[in-house]
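See structure below.
Side-chain atoms are counted along with the backbone in the values below, which use heavy atoms only and exclude waters and symmetry mates. Every chain is numbered from 1, with letters handed out A, B, ... down the list of sequences.
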Amino acid sequence: MTPVVECLVAFLFGSVVGLLMQRSRFCNTAALRDAIMFKTYRNTKAMLMAMMILTVGFTGFMSLGAGHPMRFDVGLNTFAGLFLFGIGMVLAGACTVSTWVKTGEGNLGALWALLFTFVGMFLFSVVWSWNWWPPAPQSMTGEPNLPALQLGFANAQTLQEKLGVPAIVFGLVQFAVLLAIYRAILRRERAQHAKHEQHQMEAAGQEA
Amino acid sequence: MDFFRKTLDPVFALAAIAILDIFLFLLLGAWTVGGGETMMTGLMAQAVLGEDLMRIPFWNIVFPPHADYWKIYISFGMFFGAFVGAVLSKEFYWRLPRRASEWLMITLGGLLMGFGIRLAYICNVSTFFGLIPEMNMGGYLAISGILAGAWVGSLIYKKILEG
């Protein structure tokens, strides 16, 4: 595939995603923030649904050796980077996806957050050029590198290669865990709904 | 058209996105955001600094700026799709945060997101819709980090909101 075709496919994918996100008001930040702060799960359920479909789809194709899984070493920087990102997205009220989507709706605050995301990335490039950590992709080996606080690389495909069990088997186990979380949320919502109705009936009874 | 009048069920929307993402995974790689933004940062910095940018090793070694990097166009697509959706559903209007505390939070939030993405090599999209479904070890490290970060962020957010 030529780079131009790759860019066109990516643009088409992004456009459909942007449209569906705008029409559904889905927000990844809200999926985490609302579950933590308000115990509401509208976005959390959608995120889990996508994760379930993707787990089966990705590991299914990885069993056959198809697809393009991400390949880079992970380590302490993965945890620390997402920790900073998690604080940032709650403060900004949007993640990188919703900053683009909200900017498309005319939200100048989201555009401002996006501009400062670029500034944050530039600042990191300066810091990296001073301490050279985490290791650059060229020096990643896929093996643990403890002095550099790196654990190496492992995914469903490497498990398949090492253990001789198809990747989809591990995928189905993860699917079952995600489904259990999804069903626990549905049960919690039903309990919240029943409690709410009971309160309303009690309030109506007192008024009468 | 009903699609532009009613809010779409997010569970349905994300299921549709997941199916498209499987096709993208087969063609190019899973949906990701952050790499495109880094490339945009590099291209903008190059426009301002010219060849001086190459004196910062990161832009030589990790992310040499290229305008034909496919991840850039996912982000432009998301902006375009959301703009079309907002205009056709008459939901496009200019919005500005009113309070100084909101401006402070989004500035700080943006900086932390940008720095965090580059430190981890990934963002939340790759965590939930790429690494975890690929069962990459990094996905589990990332999800622990983002949950801890979102919890700390929520505490700070509450504190600022409560004044």
Which portion of A:Trp132 sits near chain B, non-hydrogen atoms under 4.5 angstrom: side chain

Smallest separation among heavy atoms of A:Thr59 and B:Pro133, with atom names: CG2-O, 3.5 Å

Heavy-atom proximity to chain A below 4.5 Å, by part of B:Thr32: neither

Test of ring centre spacing under 6.0 Å for B:Trp59 and B:Phe63: no

Quiz item: cation-pi between B:Arg118 and B:Phe115, 6.0 Å / 45°: no

Pairwise side-chain contact, B:Ile117 with B:Ile122, heavy-atom cut-off 4.5 Å (strictly under): no

Contact class of B:Met40 relative to chain A, heavy atoms under 4.5 angstrom: side chain

Distance (rounded to the nearest 0.5 Å) between A:His193 NE2 and A:Gln198 CD: 12.5 Å

Gap between atom CG of A:Leu114 and atom OG1 of A:Thr99 - 0.5 Å precision: 4.5 Å

Side chain, backbone, both or neither of A:Ala94 within contact of chain B (heavy atoms, under 4.5 Å): backbone

Part of A:Val5 lying under 4.5 Å from any heavy atom of chain B: neither

Contact origin within B:Arg55 toward chain A - heavy atom pairs under 4.5 Å: neither

Top contributor to chain B interface from A:Leu91, A:Val74, A:Val101, A:Thr96 [non-hydrogen pairs under 4.5 Å]: A:Leu91

Interface residue of largest heavy-atom contact number with chain A, from B:Phe23, B:Phe129, B:Phe80, B:Trp151, under 4.5 Å: B:Phe129

Option in B:Phe3, B:Tyr140, B:Tyr157 with maximal non-hydrogen atom pairs under 4.5 Å from chain A: B:Phe3

Toward chain B, the part of A:Phe175 with a non-hydrogen atom under 4.5 Å: neither

Winner by heavy-atom pair count (cut-off under 4.5 Å) against chain A, out of B:Ala15, B:Cys123, B:Pro57, B:Ala13: B:Pro57

From A:Asn145, A:Asn77, A:Asp73, residue fulfilling side-chain hydrogen bond (donor to acceptor under 3.5 Å, both in side chains) relative to A:Gln150: A:Asn77

Best-contacting candidate, A:Arg42, A:Arg23, A:Arg33, A:Met62, against chain B by heavy atom pairs under 4.5 angstrom: A:Arg23

Contact origin within B:Leu24 toward chain A - heavy atom pairs under 4.5 Å: side chain

Which portion of A:Met49 sits near chain B, non-hydrogen atoms under 4.5 angstrom: side chain

Ion pair check, B:Lys71 and B:Glu37, cut-off under 4.0 Å: no

Contact winner vs chain A - B:Gly81, B:Ser89, B:Ala16, heavy-atom pairs under 4.5 Å: B:Gly81

Where A:Phe122 and B:Leu53 come nearest, the two heavy atoms and their spacing: CE1-CD1, 3.9 Å

Top contributor to chain B interface from A:Arg71, A:Met47, A:Met21 [non-hydrogen pairs under 4.5 Å]: A:Met47

A:Ile36 portion near chain B, given a 4.5 angstrom heavy-atom threshold: side chain

Pick from A:Pro69, A:Gly109, A:Gly60 with the largest number of heavy-atom pairs that fall under 4.5 Å of chain B: A:Pro69

N/O donor-acceptor pair under 3.5 Å between B:Trp103 side chain and B:Pro97 backbone: yes

Atom group of A:Ile53 that falls short of 4.5 Å from chain B, counting heavy atoms: both

Engaged part of B:Ala45 at the chain A interface, taking heavy atoms whose separation is under 4.5 Å: side chain

A:Trp112 atom CH2, over 12 foreign heavy atoms within 6.0 Å: no

A:Val119 portion near chain B, given a 4.5 angstrom heavy-atom threshold: both

Ion pair A:Glu105/A:Lys102, N-O distance below 4.0 Å: no

Part of A:Met70 within contact of chain B (heavy atom distance under 4.5 Å): both

Side-chain ion pair, B:Glu91 and A:Arg25, N-O less than 4.0 Å: yes

Mutual orientation of the aromatic rings belonging to B:Phe83 and B:Phe79 [parallel < 30°, tilted 30-60°, perpendicular > 60°]: parallel

Residue A:Phe170 versus chain B: region with a heavy atom under 4.5 Å: both

Max heavy-atom pair count under 4.5 Å with chain A, selected residue of B:Asp21, B:Leu119, B:Leu8: B:Leu119

Per-residue contact mode, A:Phe38 against chain B (heavy atom under 4.5 angstrom): neither

Residue, of A:Gly57, A:Pro134, A:Ala66, that accumulates the most heavy atom pairs under 4.5 Å with chain B: A:Pro134

Residue A:Gln138 excluded, over 12 heavy atoms near CD under 6.0 Å: yes

Option that, when pairs with chain B are counted at under 4.5 Å, heavy atom only, ranks first among A:Phe58, A:Phe153, A:Phe13: A:Phe58

Option that, when pairs with chain A are counted at under 4.5 Å, heavy atom only, ranks first among B:Gly139, B:Ser75, B:Gly29: B:Ser75

Closest non-hydrogen atom pair, B:Ile160 against B:Ser101: CG2-CB, 4.2 Å

Interchain contact, A:Leu151 with chain B, by part (heavy-atom threshold 4.5 Å): both

Aromatic ring pairing B:Phe58/A:Phe124, orientation class (parallel under 30°, perpendicular over 60°, tilted between): perpendicular

Contacting moiety of B:Leu104, where chain A heavy atoms sit under 4.5 Å: neither

